[in-house]
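Note sheet for the following structure.
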Amino acid sequence: MNTISVVAACLTTLSFVPQALQVIKTKDTNGISLGMYSMFVIGVLLWTIHGININDYALIGANGITFLLASIILTYKLKYK
């Protein structure tokens, strides 16, 4: 794995942290698309499963963390409509 891919994986994965923290703090999800987050969460779950199937720990880690963070946001969106 090269430096560019590690930095890219970290940035795209960690980019969900500020949004998740803000949603947890404010419970405001008005500006968040339910359809987009639903599809995104399913997509990263499938990428995680694919990573497991091919034993790619980078794919599992990046998508697993993204799945967790995006799932938190989606849960708050469903709970605080």
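Although no hydrogens or angles enter the test, the distance criterion places a donor-acceptor pair under 3.5 Å between the side chain of Lys77 and the main chain of Ile32.
When side chains are defined from C-beta on, Ile24 does not count as touching Ile73, because their heavy atoms never get closer than 4.5 Å.
Using bins of under 30°, 30° to 60° and over 60° for the plane-to-plane angle, the ring pair Phe16/Phe40 lands in the parallel bin.
The number of heavy-atom neighbours closer than 6.0 Å to NZ of Lys27, taken from other residues, nucleotides and ligands shown, is above 12. Remark: Ile4 CD1 is loosely packed, at most 12 non-hydrogen atoms of other residues, nucleotides or ligands lying under 6.0 Å away.
Here the closest heavy-atom approach between residue Ser38 and residue Leu74 is recorded as OG-CD1, 3.8 Å. In terms of heavy-atom proximity, Thr48 sits nearest to Gly64 at OG1-N, 3.4 Å. Considering all non-hydrogen atoms of both residues, Thr12 and Ser15 come closest at O-OG, 2.8 Å.
Note that the CG atom of Leu14 and the CG atom of Leu69 stand 8.0 Å from one another [nearest 0.5 Å]. We find the CG-OG1 distance between Leu21 and Thr26 to be 10.5 Å, quoted to the nearest 0.5 Å. Rounding to the nearest 0.5 angstrom, the gap separating the CD atom in Gln19 from the OG1 atom in Thr29 is 9.5 Å. Distance check: Asn53 CG to Leu46 CG gives 10.5 Å after rounding to the nearest 0.5 Å.
The hydrophobic clustering, which links ILVMFWY residues whose side-chain heavy atoms are closer than 4.5 Å, places Trp47 and Phe67 apart. Under the 4.5 Å side-chain heavy-atom criterion for grouping Ile, Leu, Val, Met, Phe, Trp and Tyr, Val6 is not connected to Ile60 through any hydrophobic cluster. Hydrophobic clustering of Ile, Leu, Val, Met, Phe, Trp and Tyr side chains at less than 4.5 Å, counting indirect connections, keeps Tyr76 apart from Met39. Residues Tyr80 and Val23 share a single hydrophobic cluster, defined by chaining ILVMFWY side chains whose heavy atoms lie under 4.5 Å apart. Both Leu45 and Met36 belong to a single network of hydrophobic side chains, linked directly or stepwise wherever heavy atoms of I, L, V, M, F, W or Y lie under 4.5 Å apart.
If you check the side chains of Asn63 and Thr66, you find no donor sitting under 3.5 Å from an acceptor.
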